[in-house]
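Because only heavy atoms are used, hydrogens play no part in the values below, and waters and symmetry mates are left out as well, while side chains stay in.
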Amino acid sequence: MSSSASRIEYSEKYADNNNEYRHVILPKDLAKTLPKNRLLSESEWRGIGVQQSRGWMHYAIHRPEPHILLFRRPLGTDPQSGQVDPELEREAREEYKNQFGILRK
């Protein structure tokens, strides 16, 4: 692993009722080598040393801090396959509702 890759920082995951999210903070020297005006493909972000389970997509560029990569994936994504598992999705939605006190009527 390169020294830049060893300095990559990962946030805890957070969620809304559709997706889970995380952000990845790159060392600024590494971030300077990335394309400026487009999202990274999975092979690109893995190629610079970002390590996370399957199913994550780089979905936005935060212009004030381009060294912070924003990722999301649908709730219930199986981390092994990267595909949404209906049972995992149901469980994740229930957890989200319970966490935020959203009750079914």
Side-chain angles (χ1 to χ4, degrees):
M1 181 184 315
S2 75
S3 67
S4 289
S6 68
R7 297 188 340 254
I8 294 172
E9 297 177 36
Y10 301 85
S11 75
E12 294 295 320
K13 292 184 271 186
Y14 44 100
D16 62 19
N17 62 341
N18 294 309
N19 295 293
E20 60 181 338
Y21 302 88
R22 81 169 343 155
H23 55 274
V24 174
I25 303 170
L26 302 176
K28 290 185 180 178
D29 59 322
L30 179 59
K32 288 178 184 177
T33 68
L34 301 178
K36 304 287 185 250
N37 296 312
R38 66 175 178 80
L39 300 173
L40 300 179
S41 68
E42 183 174 350
S43 63
E44 288 175 313
W45 55 259
R46 287 194 188 280
I48 61 169
V50 174
Q51 298 178 4
Q52 50 189 354
S53 57
R54 296 182 185 263
W56 291 101
M57 182 179 81
H58 181 212
Y59 76 96
I61 298 170
H62 183 55
R63 299 265 182 238
E65 299 179 298
H67 65 288
I68 300 176
L69 304 181
L70 304 172
F71 290 90
R72 72 177 173 203
R73 67 180 175 188
L75 284 178
T77 298
D78 180 316
Q80 298 294 320
S81 70
Q83 302 298 312
V84 174
D85 176 305
E87 181 60 21
L88 290 176
E89 180 181 19
R90 186 193 63 72
E91 290 171 7
R93 287 183 188 279
E94 285 300 316
E95 182 180 331
Y96 175 79
K97 288 176 186 175
N98 291 335
Q99 182 178 0
F100 292 100
I102 301 169
L103 302 174
R104 282 192 208 174
K105 294 186 179 188

Heavy atoms of Lys13 and Trp56 approach each other most closely as CD-CZ2, 3.6 Å
Is it the case that atom CD in Glu44 sees more than 12 heavy atoms from other parts of the structure closer than 6.0 Å? yes
Between Leu40 and Trp45, the two heavy atoms sitting closest are O-CD1, 3.8 Å
Between the CG atom in Leu75 and the CG atom in Asp16, the distance rounded to the nearest 0.5 Å is 7.0 Å
Quick check: are there more than 12 heavy atoms from other residues, nucleotides or ligands sitting under 6.0 Å from CZ of Arg46?
yes
What one should report as the nearest heavy-atom pair of Gly76 and Ala92 is N-CB, 4.0 Å
Practice problem: Check the hydrophobic clustering (I, L, V, M, F, W, Y; side-chain heavy atoms under 4.5 Å; chains of links allowed) and say if Ile25 and Met57 are grouped together. | Solution: yes
Closest non-hydrogen contact found for Leu30 with Ile48 is CD2-O, 3.7 Å
Rounding to 0.5 Å, atoms CG (Leu70) and NE2 (His23) come to a distance of 8.0 Å
Paired with Leu26, the side-chain contact (heavy atoms from CB on, under 4.5 Å) test is passed by just one of Ile68, Thr33, Val50, namely Val50
>> Given 3.5 Å as the limit, does a donor-acceptor pair link the side chain of Arg73 with the main chain of Arg54, or not?
In response: yes
Rounded to the nearest 0.5 angstrom, the OG1-CG distance for Thr77 and Leu88 is 8.5 Å
Practice item. Using a strict cut-off of less than 4.0 Å between a Lys/Arg side-chain nitrogen and an Asp/Glu carboxylate oxygen, indicate whether Glu89 and Arg93 qualify as a salt bridge. Key: yes
Note to self: For His58 and Phe71, take the angle between the two ring planes, folded into 0 to 90°, and tell me which bin it lands in: parallel under 30, tilted 30 to 60, perpendicular over 60.
What the structure shows: tilted
Between Gln51 and Tyr10, the two heavy atoms sitting closest are N-OH, 2.9 Å
Checklist entry - Within a radius of less than 6.0 Å around CD of Glu12, do more than 12 heavy atoms belonging to other residues, nucleotides or ligands occur? => result no
Here the pair of heavy atoms bringing Pro27 nearest to Ile8 is CD-CG1, 3.9 Å
One should read off an interatomic distance between His67 NE2 and Leu34 CG, to the nearest 0.5 angstrom, of 11.5 Å
Rounded to the nearest 0.5 Å, the CZ atom of Arg22 sits from the OH atom of Tyr14 at a distance of 9.5 Å
*asked:* Main chain of Tyr21, side chain of Tyr59: is a donor-acceptor contact present, judged purely on distance under 3.5 Å?
replied: no
